[in-house]
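Here the structure comes first, spelled out in structure tokens, and everything after it is commentary.
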Number of protein chains: 2
Amino acid sequence: MSSDGRNTRARILESAVELLESGTGSAVRISDIAKAAGISRQAVYLHFPKRADLLTAATRYLDEKNDVDARLGESRSAPTGLVRLDAWVAVWGNYIPEIYGIGKALMAMMDSDEEARVAWEDRMQAVRHGCAAVVGDLARDGQLVSDLSQEKATDILWMLLSVRNWELLRHECGWTQDQYVEHLKQVARASLVARV
Amino acid sequence: MSSDGRNTRARILESAVELLESGTGSAVRISDIAKAAGISRQAVYLHFPKRADLLTAATRYLDEKNDVDARLGESRSAPTGLVRLDAWVAVWGNYIPEIYGIGKALMAMMDSDEEARVAWEDRMQAVRHGCAAVVGDLARDGQLVSDLSQEKATDILWMLLSVRNWELLRHECGWTQDQYVEHLKQVARASLVARV
DNA sequence: CCCGTTAATTGACACGGTGTAAAGTTGTCA
DNA sequence: TGACAACTTTACACCGTGTCAATTAACGGG
């Protein structure tokens, strides 16, 4: 069973993201994940000593599975700032619904678990920097609305990408993921791009 | 001590909001609140059988303390849609930092406690309706940017007012509450109001 | 003045989820 | 065959929530 080493770890992460995505978020227990992965609860602790370890590992697992880095790289090589904005928003719009369950679980722990707080804030800061880059592109192309500073525009974009928004739009308005992404694009354009 | 009936309840709520605001949010325990209120833990359960009861009561307590209803009423009687937008954003911008601790605590329970979920979503829906009203005013005054539907504009405004945003801007960017409110106003104007 | 009511107190406990610890099992590889 | 690693089972400590029962203190009305 030594070849199962990485296999089991991956199975745990798969089960974790599956449970966290499709449902009750922070109410998912370690034992639920273990059961879904077909192993004992203690085996989970063998791979992830603390709950926060599992959750942060799950975010990285999703990053790799979705090739987020590569896609974000692609988005930056688009021809104009306007297209880069669309691409960036599309990547995040599609990604957020995937991590929102994990995000909820991490946010719920943030107040009591320092490690979870740091992990989540690091993640948020990375998004923020991405927003700043995209807005910088817009400004360089002369497409940013004239009465917005780059800082303010970054904040707007970043607020729009808030994880909570997806959850609320989905639950309260019954939106699909496609609707959400399309909407994000339009809203981002309406907020940031100079009208002709 | 029968006259202490309402007094104790109020003292519990005061201690609760104080602890929840200035600090660790969902990590605040019933016993912490009891200690801060100078009573026993069981006395808290006497007034609020479940944790969710206390939290939802705390939100109502803050509403009344801050006269939120009255202020929102005033904001709607402002002369133009533009001024109404400013007033509405100011009320919520000042209110959100106060309830964000309670919001965090409620959100952390949402997945496991149905009552907490309903309470929070009701609250969010109320905000949403308010946003729709303000946007409707803008549209009636011909001030809404022409390429935005009222629905989309409502979503923008509502995303900007997300409770999470305040926390993140405060922690990651070190913003003060005044900065936040001023920023919200400007962003809302930039996003929604037709430029002349 | 006593009596009933009501709020609060103390102490004990059940429940559930996290995390730890120890001993036993199975499979692999040298 | 023996060492090693992953996983299993069982058991338990810890902590926060919520419940229960017995007790004390204060107030108001008869």
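Here is how names work: the chains are called A, B, and so on, in the same order as the sequence lines, proteins then strands, and each is numbered from 1.
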*asked:* Looking only at the side chain of A:L46 (C-beta and beyond, no hydrogens), which of the listed nucleotides D:dA6, C:dA8, D:dG18 gets closest?
replied: D:dA6
*Closest approach of A:G93 to A:Y180 (non-hydrogen atoms, all atoms of both residues)*: O-CE2, 3.6 Å
*Evaluate the criterion side-chain contact (heavy atoms from CB on, under 4.5 Å) for residue pair B:V135 and B:I156; output intermediate values, then yes/no.*
CA-CA 10 Å; B:V135 166; B:I156 294 179; over 6 Å; no
_Can you pull out every side-chain hydrogen bond (donor to acceptor under 3.5 Å, both in side chains) where at least one residue sits in residues 70-80 of chain A? Sequence neighbours excluded, please._
A:R76-A:D137
*Mind listing the residues from residues 48-56 of chain B sitting with a heavy atom below 4.0 Å of DNA chain D? Number order is fine.*
B:P49, B:K50, B:R51
_Using a 3.5 Å limit on both distances, find every run of at least three consecutive Watson-Crick or G-U pairs that involves DNA chain D._
C:1-30 with D:1-30
*Is any side-chain N or O of A:T8 closer than 4.0 Å to OP1 or OP2 of D:dC7?*
yes
*Is the number of heavy atoms from other residues, nucleotides or ligands within 6.0 Å of CD (A:E151) greater than 12?*
no
*asked:* Could you go through A:D32 and A:R29, starting from their C-alpha distance and side-chain angles, then the distance that decides it, and tell me whether this counts as salt bridge (Lys or Arg N to Asp or Glu O under 4.0 Å)?
replied: CA-CA 5 Å; A:D32 296 329; A:R29 294 156 299 196; 3.0 Å; yes
*Please check the phosphate of C:dA7 (OP1 and OP2 only) for any side-chain N or O of B:H47 closer than 4.0 Å.*
no
*If you take all heavy atoms of B:I12 and B:A43, which pair is closest and at what distance?*
CD1-O, 4.5 Å
_Measure CE/B:M109 against C1'/C:dG17 and give the value in whole Å, please._
15 Å
*asked:* From CZ of B:R11 over to C1' of C:dA7, roughly how many Å is that when rounded to an integer?
replied: 12 Å
*The side chain of B:Y45 lies closest to which of these nucleotides: C:dG19, D:dG18, C:dG17?*
D:dG18
*Within a strict 4.5 Å, meaning less than it, do heavy atoms of the A:R11 and A:I39 side chains meet?*
yes
_Length of the line joining A:E115:CD and C:dG19:P, which is rounded to integer Å_ = 10 Å
*Find the distance B:N7:CG to D:dC27:P and express it as a whole number of Å.*
13 Å
_Close side-chain approach of B:V134 and B:L192, heavy atoms under 4.5 Å_ = no
*Any side-chain heavy atom of B:R41 sitting closer than 4.5 Å to one from B:V44?*
no
Can you give the donor-acceptor pairs under 3.5 Å from side chains of residues 118-126 of chain A to other protein atoms, not counting sequence neighbours?
unit_1: A:E121; atom_1: OE1; unit_2: A:R117; atom_2: NH2; d: 3.3
unit_1: A:E121; atom_1: OE2; unit_2: A:R117; atom_2: NE; d: 3.3
unit_1: A:R123; atom_1: NH2; unit_2: A:D63; atom_2: OD1; d: 2.7
unit_1: A:R123; atom_1: NH2; unit_2: A:D63; atom_2: OD2; d: 2.9
unit_1: A:R123; atom_1: NH2; unit_2: A:Y95; atom_2: OH; d: 2.5

*Out of D:dT19, C:dT20, D:dA6, which nucleotide sits closest to the side chain of B:Q42?*
D:dT19
_Set of residues satisfying side chain to side chain contact (heavy atoms under 4.5 Å, CB included) with respect to B:E18, sequence neighbours excluded_ = none
*Which residues, if any, of residues 30-41 of chain A bring a heavy atom under 4.0 Å of DNA chain C?*
A:I30, A:R41
